[in-house]
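Contents: one structure, followed by commentary.
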2 protein chains.
Amino acid sequence: MDGTGTAPRKGTVTQRAIERIKAMIADGRLEPGQRLPTERDLAAELGISRSSMREAIRALTVLGVLEARHGSGIYVTRLRAGDLLETFGVVADLSRGERLAELLEVRRVLESAATALAAARITPDRLAEAGEHLAAMEATEDPDELLAHDLAFHRVIAVAAGNETMAALLEGLSSRTFRARVRRGYEEDGALARTRHEHAAIHRALAARDPEAARAAAAAHVGGVEQWLRRSPES
Amino acid sequence: MDGTGTAPRKGTVTQRAIERIKAMIADGRLEPGQRLPTERDLAAELGISRSSMREAIRALTVLGVLEARHGSGIYVTRLRAGDLLETFGVVADLSRGERLAELLEVRRVLESAATALAAARITPDRLAEAGEHLAAMEATEDPDELLAHDLAFHRVIAVAAGNETMAALLEGLSSRTFRARVRRGYEEDGALARTRHEHAAIHRALAARDPEAARAAAAAHVGGVEQWLRRSPES
DNA sequence: GGCCGCGATTGGTCGGACCACTTCGCTGGC
DNA sequence: GCCAGCGAAGTGGTCCGACCAATCGCGGCC
């Protein structure tokens, strides 16, 4: 028996390799940013083929735990919230019908909380930045640009809330395709003007450093889309 | 040019394969539960090797999108919230220090909302079920059993809130290793009695169908752990 | 008619070969 | 002495072909 821990007999060798590497990171044997041995060495170390090891590495790569740089090596990511929650957007991309509404409900809850926190913590700089995105949204009619500033507006707020994990989660919930899909029909219903009004209300609450007003404004904002979605038959 | 869509030139072939399959699911060409062609056929169809295709499949497998059954074939999962959010537990497992506190803050927000919703929607059956777990928690001293009933108690509430996505998210945030790690030291500080009291308060609020009381009780419950964690130096 | 078993199908693993990119040291010119 | 450029070594990326192992269905046997 070697000292690196005897591998469990269950599951595929690849699955075991994934668990082994995860365990190495969890208990500190591998630190964020550190470089791993080569695929060939790792495979030899765990007694499996390079193919299987590559599958394990690929799996951890899509999870945002590892990062492979061609010609250089394999590295543990910094394990920031953004790294690990990037895959969260996949859920939004693949969700339809009822779960889309559920995701919006989750977003409403988180966005409300984040906005309330931001009202108390936001710096003048960030408040101004949010204001710029607000102005840009009101100045353009181009849907793409509008969406970009919309996302940026909420991102500034999420970051200002001081919880990177929450911000990353909201980022995934508002991912490009997700938003684009929902808004396609939404804005055709003439809700564009109301959306602008809601954004302005959020900004005002932030400027007033009023957490409760901010929470309410954010909840109303997301809730508006939510209600529309629950009524709308979606493809 | 073939009609299945020209693959973009960027990225690795495996990455492209992942996107292709994801796209097939997103636009409905592949439906939940449906069986895919064999690895060999898929590889041929996309013009890549079986090895690369296997890596793509493995990646989508860990994301909970696909499911491979040895000897049978590859299937699209039912794409339930639980399937897709299983990997969320990985984030909790790999988080330490500051992000652990952030995750607890997220949990506090979601748990509060879910408990408030549950207060309005919970059925007598589910309320009784939660009561049983509560009684079991008060009747045992075995940490493992206690933790199991603790998790089950909150799971019943999350499900009663009527939002499977939120329930799956909370499941990940309360995943076994995560809870065990946090609670190890927490309960040694004699907070066990208080935890029981908090659970009882949540249950009372649910029985009274009082959403605001339920929200407050849940927030206080998670907040207690949260505050302890922020004070505690963690390994 | 029902049960058993064999063989085809399909995912899982392996080993090796070669390609593409990065890195870094060496070399040669300035 | 310095630096640009080249080239070899190292490393991830891709492909191939073979074989193993689990599953499933078909056909024959009882």
Side-chain angles (χ1 to χ4, degrees), chain A residues 6-22 24-25 30-78 83 86, chain B residues 6-22 24-25 30-78 83 86:
Chain A
T6 304
R9 291 278 161 68
K10 61 179 177 180
T12 68
V13 287
T14 302
Q15 196 58 41
R16 271 181 282 165
I18 293 175
E19 299 302 331
R20 290 280 292 270
I21 297 179
K22 255 173 48 182
M24 283 191 231
I25 296 174
L30 290 177
E31 305 216 338
Q34 183 178 340
R35 189 190 140 164
L36 278 69
T38 69
E39 293 180 344
R40 293 161 174 89
D41 290 346
L42 271 176
E45 194 177 327
L46 299 194
I48 66 179
S49 74
R50 194 185 159 206
S51 315
S52 300
M53 177 54 70
R54 273 191 60 78
E55 285 188 29
I57 292 170
R58 170 72 62 179
L60 290 169
T61 296
V62 301
L63 289 181
V65 175
L66 297 183
E67 180 189 1
R69 301 182 203 155
H70 193 169
S72 174
I74 305 165
Y75 301 80
V76 181
T77 67
R78 301 253 66 133
D83 296 332
E86 202 169 331
Chain B
T6 304
R9 292 277 161 69
K10 62 180 177 180
T12 67
V13 286
T14 302
Q15 197 58 41
R16 271 182 281 165
I18 293 175
E19 300 302 333
R20 290 281 291 268
I21 298 179
K22 256 173 47 182
M24 285 192 228
I25 297 174
L30 289 176
E31 305 215 338
Q34 184 177 341
R35 190 191 140 164
L36 278 69
T38 69
E39 293 180 345
R40 295 164 174 89
D41 289 347
L42 271 176
E45 192 177 328
L46 300 194
I48 66 178
S49 74
R50 194 184 160 208
S51 315
S52 300
M53 178 54 69
R54 273 190 61 77
E55 284 188 30
I57 292 169
R58 171 72 63 180
L60 291 170
T61 296
V62 301
L63 289 181
V65 175
L66 297 183
E67 180 190 2
R69 299 182 205 157
H70 193 168
S72 174
I74 306 164
Y75 301 79
V76 181
T77 67
R78 301 255 62 135
D83 297 332
E86 202 169 331

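Everything numeric here is computed off the predicted structure, so don't read it as measured data. The sequence lines fix the lettering, A, B, ..., with proteins before strands; numbering per chain opens at 1.
Here the straight-line distance linking atom CG of B/Leu30 with atom CD1 of B/Ile21 works out to 8.0 Å at 0.5 Å rounding. With rounding to the nearest 0.5 Å, the separation of CG in A/Leu36 from OH in A/Tyr75 is 10.0 Å. For the atom pair CD1 of A/Ile48 and CG of A/Leu42, the computed distance is 8.5 Å after rounding to the nearest 0.5 Å.
If you take NE2 of A/His70 and C1' of C/dC18, they are 12 Å apart, rounded to a whole angstrom. Rounded to whole Å, the distance from CD on A/Glu39 to C1' on C/dA20 is 14 Å. The nearest whole Å value for the distance from the CZ atom in B/Arg69 to the C1' atom in D/dA21 is 17 Å. The interatomic distance linking A/Met53 (CE) with C/dG12 (P) rounds to 17 Å, in whole Å. One can place CZ of A/Arg16 at 11 Å from C1' of C/dT13, the figure rounded to the nearest angstrom. Atoms OH (B/Tyr75) and P (D/dC24) sit 7 Å apart, rounded to a whole Å. Rounded to whole angstrom, the span from the CD atom of B/Glu55 across to the P atom of D/dG12 amounts to 12 Å. Rounded to whole Å, atom C1' of D/dA22 lies 14 Å from atom CD1 of B/Ile74.
Within the 4.0 Å cut-off from OP1 or OP2 of D/dC15, at least one side-chain nitrogen or oxygen of B/Ser52 is found. Considering only side-chain N and O atoms, B/Thr14 lies under 4.0 angstrom from the phosphate OP1 or OP2 of D/dT14. At C/dC14, none of the side-chain N or O atoms of A/Arg50 fall inside 4.0 Å of OP1 or OP2 (strictly under the cut-off). For C/dT22, the OP1/OP2 oxygens have no side-chain nitrogen or oxygen of A/Ser72 closer than 4.0 Å. For D/dT11, the OP1/OP2 oxygens have no side-chain nitrogen or oxygen of A/Arg54 closer than 4.0 Å.
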Handout entry: Steps toward salt bridge (charged side-chain N to carboxylate O under 4.0 Å, His left out) verdict (B/Lys22, B/Glu19)
Key = CA-CA 5 Å; B/Lys22 256 173 47 182; B/Glu19 300 302 333; 3.6 Å; yes
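The shortest heavy-atom contact between B/Thr77 and B/Gly64 is OG1-O, 3.0 Å.
If B/Gln15 and A/Asp41 are placed on DNA chain D by their nearest nucleotide, the residue sitting closer to the 5' end is A/Asp41. DNA chain C is contacted by both A/Arg40 and A/Gly47; A/Gly47 maps to the nucleotide lying nearer its 5′ end (nearest heavy atom per residue).
Among the protein residues, B/Thr38 comes within range of the sugar-phosphate backbone only, with heavy atoms under 4.0 Å from sugar or phosphate atoms but none that close to a base. Using a 4.0 Å heavy-atom cutoff across all strands shown, B/Ile48 reaches sugar-phosphate atoms only and no base atom.
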